[in-house]
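Report on the following structure.
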Amino acid sequence: MPELPEVEVVRRGLARWVRGRSITGVDVIDPRSIRRHALGTEDFIGNLEHATVLDVVRRGKFLWMPLAVTGTDDAPGDLTEPPATAHLPKVALMAHLGMSGQLLMQDPAVPDEKHLKVRIKLSPAEDMPEQLRFVDQRIFGGLFVTSLIPTSDGGPGGLGETPLPEIAEEAAHIARDPLDPYFSFDLFYRKIKNRRTGIKRALLDQSVISGIGNIYADEALWSARLHYARATDTMRRADAGRLVDAVRDVMQAALAAGGTSFDSLYVNVNGDSGYFARSLNAYGRAGELCVRCEGLGLHTVMKREQFMNRSSYTCPVCQPRPRNGRW
DNA sequence: CGGCCGACCTGCTGGC
DNA sequence: TGCCAGCAGGTCGGCC
């Protein structure tokens, strides 16, 4: 279940292997993995072949590779001066890992993974695997080609090795994530004050703040001692500030844990790398003792509730349900 | 238009 | 032992 820290681990790992290399071929093994590419398999492949990968960029859980496309397939009567914009990226290969997606660098000799969906062949480079493979068991993730458009706030589109003032179109609607240097707390606070909803719903809404999934939402809420149903418009700056700090802390910890393995040959991203390695204080701990209460000599049992068709884990003492319960 | 819910998927688990 | 319901969850279309 990759959330932001896992995707960032992938981004760093991937950048090391693919920057500057060109795509020599694409096999779509399961077209369901490119269903977000509306123009179909042929168009998907056609947009990638002969393109050069410039970078790997991330915002929230979206990952994309800006491409330089040189018109090698077009009429060869060129050799005139190419336009100045010829090498500026206009499109990008977008990837979302969904629930179970992996991006793996592999040698051609390695047998296909059971859930291999797309194989991207790269130009040979010394001591580097020649294939980038997209593997996805549950098919919630996928690949597609998207345009790059200017950002609305003038900042870089996302986190990359060489940041560009452009963003993948399909990621343009999501907010900056809390690890983005251009993340604005004031903007986040304004957004939640203007909403009439519960705080966990807002945390999971990628247009309010991006990169947070169910696990880190529960961890951050527990850490900030906030109940998931707390009305966002009743939150004070201090509440919101404590929460954003908690989100950052839990993500930084996961990133540090996941980062230890990202120089392996595999761009290790099955999601196990980060958060399973670190200890969770809330998520999945139903029936166990709240570790904060325990430190105070209390024996409070963590509980699990259904909320938004998913599980939420809370400590009934640290995170009491708000009383004047509009949310 | 903002809030919210179901659909999309597969594999694993637990109950009968 | 076998079958089936339930569960896991990120994103988006569509409904109210």
Side-chain angles (χ1 to χ4, degrees), chain A residues 1-8 10-11 28-38 58-64 94-103 112-118 134-144 146 167-175 177-178 187-188 190-221 228-234 247 251 254 269-272 274-276 280 282-287 303-313 325-327:
Chain A
M1 288 154 270
E3 296 185 27
L4 184 151
E6 290 75 26
V7 182
E8 175 59 15
V10 181
R11 191 198 68 73
V28 174
I29 292 102
D30 188 341
R32 289 178 299 175
S33 288
I34 59 163
R35 64 179 182 276
R36 286 189 67 179
H37 189 89
R58 180 193 59 73
R59 178 186 291 204
K61 301 169 210 168
F62 285 89
L63 195 67
W64 64 91
M94 173 73 101
H96 198 292
L97 302 176
M99 284 291 297
S100 53
Q102 293 173 268
L103 288 165
D112 288 1
E113 292 76 10
K114 185 180 178 189
H115 298 292
L116 177 64
K117 304 299 181 187
V118 180
F134 181 69
V135 177
D136 191 10
Q137 178 204 106
R138 295 191 209 177
I139 328 185
F140 271 32
L143 304 181
F144 53 98
T146 178
I167 186 167
E169 196 170 12
E170 272 81 0
H173 66 290
I174 75 169
D177 61 68
L187 182 58
F188 168 76
R190 223 177 305 142
K191 282 182 176 175
I192 66 169
K193 289 299 280 187
N194 286 328
R195 269 172 200 243
R196 298 171 65 89
T197 189
I199 185 58
K200 183 167 177 181
R201 237 183 255 283
L203 284 183
L204 294 177
D205 185 335
Q206 305 295 300
S207 70
V208 173
I209 184 171
S210 70
I212 303 173
N214 197 43
I215 296 169
Y216 292 124
D218 275 10
E219 290 299 304
L221 288 168
Y228 58 78
R230 173 68 181 272
T232 57
D233 59 350
T234 68
V247 170
M251 284 184 171
V269 214
N270 50 17
D272 300 346
Y275 64 84
F276 279 137
L280 297 172
Y283 184 83
R285 296 198 68 245
K303 66 177 177 182
R304 170 183 175 274
E305 293 165 288
Q306 285 298 118
F307 177 69
M308 289 177 74
N309 287 331
R310 22 170 82 72
S311 294
S312 282
Y313 300 88
R326 180 189 55 73
W327 52 280

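Because the structure is predicted, anything quoted here is derived from the model rather than measured. To find a chain, count down the sequence lines: A is the first, B the second, and so on, and within it residues start at 1.
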Residue-phosphate contact under 4.0 Å: R138(A) side-chain N/O, dG10(C) OP1/OP2:
no
Please determine, for the side chain of K114(A), which listed nucleotide (dC9(B), dG11(B), dT11(C)) has the closest atom?
dG11(B)
Tell me the interatomic distance from R32(A), atom CZ, to dC8(B), atom C1', rounded to whole angstroms.
10 Å
Counting just side-chain N and O atoms, does N214(A) come under 4.0 Å of either OP1 or OP2 of dA8(C)?
no
Under 4.0 Å between a side-chain N/O of R195(A) and OP1 or OP2 of dG3(B), yes or no?
yes
It should be established whether S100(A) places a side-chain nitrogen or oxygen under 4.0 Å from OP1 or OP2 of nucleotide dT10(B).
no
For the pair made of CZ in R59(A) and C1' in dT11(C), what is the distance, rounded to whole Å?
17 Å
When the distance from CG of N309(A) to P of dG6(C) is rounded to whole Å, what number comes out?
13 Å
Compute the angle between the rotation axes at the two ends of the helix from dG2(B)-dC16(C) to dC16(B)-dG2(C), each taken over five pairs, rounded to 10 degrees.
50°
So, are D177(A) and R58(A) salt-bridged, with charged N and O less than 4.0 Å apart?
yes
Interface polar pairs with nucleotides 12-16 of chain C, N/O, under 3.5 angstrom:
from, atom 1, to, atom 2, distance (Å)
dC12(C), OP1, R36(A), NH1, 3.2
dC12(C), OP1, R36(A), NH2, 2.6
dC12(C), OP2, H173(A), NE2, 3.4

Provide, to the nearest angstrom, the distance between the CZ atom belonging to R35(A) and the C1' atom belonging to dT10(B).
12 Å
In K114(A), Q102(A), K117(A), the residue satisfying side chain to side chain contact (heavy atoms under 4.5 Å, CB included) with V135(A) is Q102(A)
Apply side chain to side chain contact (heavy atoms under 4.5 Å, CB included) to T146(A) and list each qualifying residue two or more places apart in sequence or on a separate chain.
A92(A), M94(A), F144(A), A168(A), E169(A), E170(A)
Starting at atom CZ of F140(A), determine the distance to atom P of dG11(B), rounded to an integer number of angstrom.
13 Å
Nearest listed nucleotide, side chain of R201(A), among dG6(B), dG10(C), dC4(B)
dC4(B)
So, do Y313(A) and E305(A) sit near enough that their side-chain heavy atoms are less than 4.5 Å apart?
no
Aromatic plane relationship, F62(A) with H96(A) - under 30° parallel, 30 to 60° tilted, over 60° perpendicular:
perpendicular
R285(A): partners by side chain to side chain contact (heavy atoms under 4.5 Å, CB included), with sequence neighbours left out:
E288(A), V291(A), M302(A)
Contacts of N214(A) meeting side-chain hydrogen bond (donor to acceptor under 3.5 Å, both in side chains) (sequence neighbours excluded), chain-then-number -> K200(A)
Return the value, rounded to whole Å, for the distance between atom CD of Q102(A) and atom P of dG11(B).
14 Å
Rounded to whole angstroms, how far apart are CG on L204(A) and P on dC5(B)?
13 Å
Kindly say if H96(A) contacts the phosphate of dT11(C), meaning a side-chain N or O under 4.0 Å from OP1 or OP2.
yes
Is there a donor in the side chain of R304(A) and an acceptor in the side chain of S311(A), or the other way round, less than 3.5 Å apart?
yes
Gap between atoms CZ and P, on R310(A) and dG6(B) respectively (whole Å):
12 Å
Is the phosphate of dC9(B), meaning OP1 or OP2, less than 4.0 Å from a side-chain N or O of Q137(A)?
no
Only counting residues at least two apart or in another chain, list the ones meeting side chain to side chain contact (heavy atoms under 4.5 Å, CB included) with A172(A).
I149(A), I167(A)
Here the gap from S312(A) atom OG to K303(A) atom NZ, rounded to the nearest 0.5 Å, amounts to 11.0 Å
